[in-house]
Amino acid sequence: MGVSEARPSTSAPTVLRMILGRRLQDMRVAAGASLEDAAKALRVKTLTIRRLEKAEVALKPLYVEKLLETFGPDRQEIIEFVELAEQANKPGWWHSYRDAVPSWFTAYVSLESGAKTLRTYEPQYVTGLLQTRDYAHAVLRGGLPNGTEEELTRRVEVRLARQSLLEREDAPTLWVVMEEAVLHKAVGSPQIMREQIEQLLEVSERPHISLDIVPFAAGAHVGACAPFTYFRFEEPELPDIVYSELLSASVYLDQRADVVSHLEAHSRMALLTSSEDSRALLNRMRKEYS
């Protein structure tokens with residue numbers, strides 16, 4: 001499938017599954033039922049109920065229906081809930097790229113597709129949602145030195161397909177904070193870097209995208225850490241979530257203290273520069289790559 005054909009929808013199955021899991025938990029608690037009570041109703045272990053409520057497994061319609069009958073909502077509500085569970089189990093647009101999207105990354109793509117606000121910090125590379133095709137190819141080539149050209153092409157297609165969420169009518173707000181080092185790291189040829197910088201200049205003018213570049217002159221600061229992305233959702237059932245990635249592991253954080261510390265770091269870094277200074281820096285770097 002070509003990139004022009006891969007238009008991600010706003011549907012995000014993992015996000016919907018999280019919402020329904022939270023609602024199942026709320027209904028159980030409201031009914032005065034324990035995890036053990038729910039487990040007995042399904043004749044499963046309490047761990048299974050816990051995993052259903054935490055969206056760690058698919059919502060089997062038969063399980064959902066039996067639980068709701070136990071918790072006591074009316075029949076119409078049960079029917080509607082089961083229909084949503086079936087929808088949540090449908091594969092997302094990224095399923096067609098399952099050969100190029102690691103299983104651990106599908107949750108990220110779903111959160112990204114369903115978020116209303118995205119805030120990201122990137123110390124090494126331009127964030128994936130703003131990369132050009134050639135820049136993305138060069139980045140992925142560096143990270144997959146033994147990958148075939150076909151594998152690289154598929155991964156580039158996934159990255160570009162993800163970007164279509166910024167073109168939606170209900171596009172999320174994206175706030176990117178990057179280090180100046182990103183612009184000095186020559187990824188690919190000077191032409192690739194120049195085209196990437198030109199794209200950053202173009203997208204920074206869009207009303208729903210903010211781009212702040214922390215200059216070298218800022219010195220040591222709170223954000224000298226691993227890259228991370230913060231997700232906020234419209235649905236009240238979902239907590240704010242932070243995703244952080246290391247060399248050999250990644251982690252999703254939803255505890256309030258962890259989320260707040262990342263938000264504060266992002267805000268503090270943004271105060272080290274301005275949109276005007278960031279654009280001026282981009283224009284200077286564009287000339288350097290001419």
Side-chain angles (χ1 to χ4, degrees), residues 1 5-116 158 161-162 164-165 168-170 172 231-241 243 250-255:
M1 179 183 294
E5 298 173 290
R7 301 295 296 177
S9 69
T10 58
S11 174
T14 300
V15 171
L16 180 55
R17 190 185 302 167
M18 290 171 63
I19 294 171
L20 296 180
R22 294 263 173 167
R23 289 182 182 173
L24 275 177
Q25 183 180 38
D26 291 343
M27 289 180 180
R28 175 179 60 76
V29 172
S34 66
L35 285 170
E36 290 74 16
D37 294 332
K40 287 179 181 178
L42 294 184
R43 297 183 179 179
V44 297
K45 296 179 179 180
T46 55
L47 177 60
T48 299
I49 303 301
R50 193 183 302 276
R51 295 185 71 192
L52 282 171
E53 294 180 350
K54 290 183 174 295
E56 294 175 353
V57 293
L59 294 168
K60 295 182 179 180
L62 289 178
Y63 277 11
V64 170
E65 185 171 7
K66 182 62 176 178
L67 285 175
L68 294 179
E69 288 173 349
T70 302
F71 300 155
D74 61 50
R75 189 61 196 170
Q76 184 58 38
E77 187 174 355
I78 292 176
I79 292 173
E80 292 174 356
F81 200 109
V82 170
E83 288 177 350
L84 286 174
E86 292 174 342
Q87 180 181 337
N89 290 332
K90 292 179 180 178
W93 64 265
W94 50 90
H95 182 72
S96 61
Y97 290 100
R98 57 190 178 278
D99 60 313
V101 180
S103 58
W104 58 266
F105 194 61
T106 57
Y108 181 96
V109 179
S110 175
L111 295 175
E112 185 179 71
S113 297
K116 190 62 179 176
V158 173
R162 285 169 48 207
S164 69
L165 70 88
R168 296 184 333 214
E169 290 186 5
D170 62 339
F231 306 94
R232 170 165 286 179
F233 307 91
E234 243 180 351
E235 298 81 4
E237 296 91 345
L238 295 183
D240 295 348
I241 296 174
Y243 168 87
S250 58
V251 61
Y252 292 90
L253 307 168
D254 62 3
Q255 295 299 309

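- The backbone N or O of A33 sits less than 3.5 Å from a side-chain atom of R28, completing a donor-acceptor pair.
- In this structure, I49 and V44 have side chains that are in contact, with non-hydrogen atoms separated by less than 4.5 Å.
- With contacts defined as side-chain heavy-atom distances shorter than 4.5 Å, the pair I19/L238 qualifies.
- At least one cation-pi condition fails for K66 and Y63: the charged atom is not both under 6.0 angstrom from the six-membered ring centre and inside a 45 degree cone around its axis.
- The distance from the CZ atom of F233 to the NZ atom of K116 is 12.5 Å, given to the nearest 0.5 Å.
- Considering only heavy atoms from C-beta on, D37 stays 4.5 Å or farther from T70 through its side chain.
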*Evaluate the side chain to side chain contact (heavy atoms under 4.5 Å, CB included) criterion for residues L68 and E77: first the C-alpha distance (whole Å), next the side-chain angles of each, then the deciding distance (0.1 Å), finally the verdict.*
CA-CA 9 Å; L68 294 179; E77 187 174 355; over 6 Å; no
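- In this structure, CD in E80 is found 7.0 Å from CD in E83, a value given to the nearest 0.5 Å.
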_As a quick check of understanding, evaluate side chain to side chain contact (heavy atoms under 4.5 Å, CB included) for L59 and R17, giving each step before the final call._
CA-CA 7 Å; L59 294 168; R17 190 185 302 167; 3.9 Å; yes
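- When all heavy atoms of A115 and P172 are compared, the closest pair comes out as O-CB, 3.4 Å.
- Remark: F81 CZ to Q76 CD distance equals 14.0 Å, nearest 0.5 Å.
- Taken from CD1 in I78 to CE in M27, the straight-line distance is 9.0 Å, to the nearest 0.5 Å.
- Using a 4.5 Å heavy-atom threshold, the side chains of V82 and E86 count as touching.
- No side-chain heavy atom of L111 sits less than 4.5 Å from a side-chain heavy atom of Y243.
- Between R22 and E53, no side-chain nitrogen of the basic residue sits less than 4.0 Å from a carboxylate oxygen of the acidic one, so the salt-bridge criterion is not met.
- With sequence neighbours excluded, the residues that form a salt bridge (Lys or Arg N to Asp or Glu O under 4.0 Å) with E65 are R75.
- Relative ring orientation between F231 and Y108 is described as perpendicular, the plane-to-plane angle rising above 60° on a 0-90° scale split at 30° and 60°.
- Contact check for L165 versus E112: side-chain heavy atoms found under the 4.5 Å cut-off.
- One distance of note links CG of L47 with NZ of K54; it measures 11.0 Å at 0.5 Å rounding.
- Counting heavy atoms from C-beta outward, L20 and L24 have side chains that stay 4.5 Å or more apart.
- Within 6.0 Å of the CD atom in E234, the count of heavy atoms belonging to other residues, nucleotides or ligands does not exceed 12.
- Between atom NZ of residue K60 and atom OG1 of residue T48 there is a gap of 8.5 Å, rounded to the nearest 0.5 Å.
- Annotation: side chain of L67 is in contact with side chain of L52 (closest heavy-atom distance under 4.5 Å).
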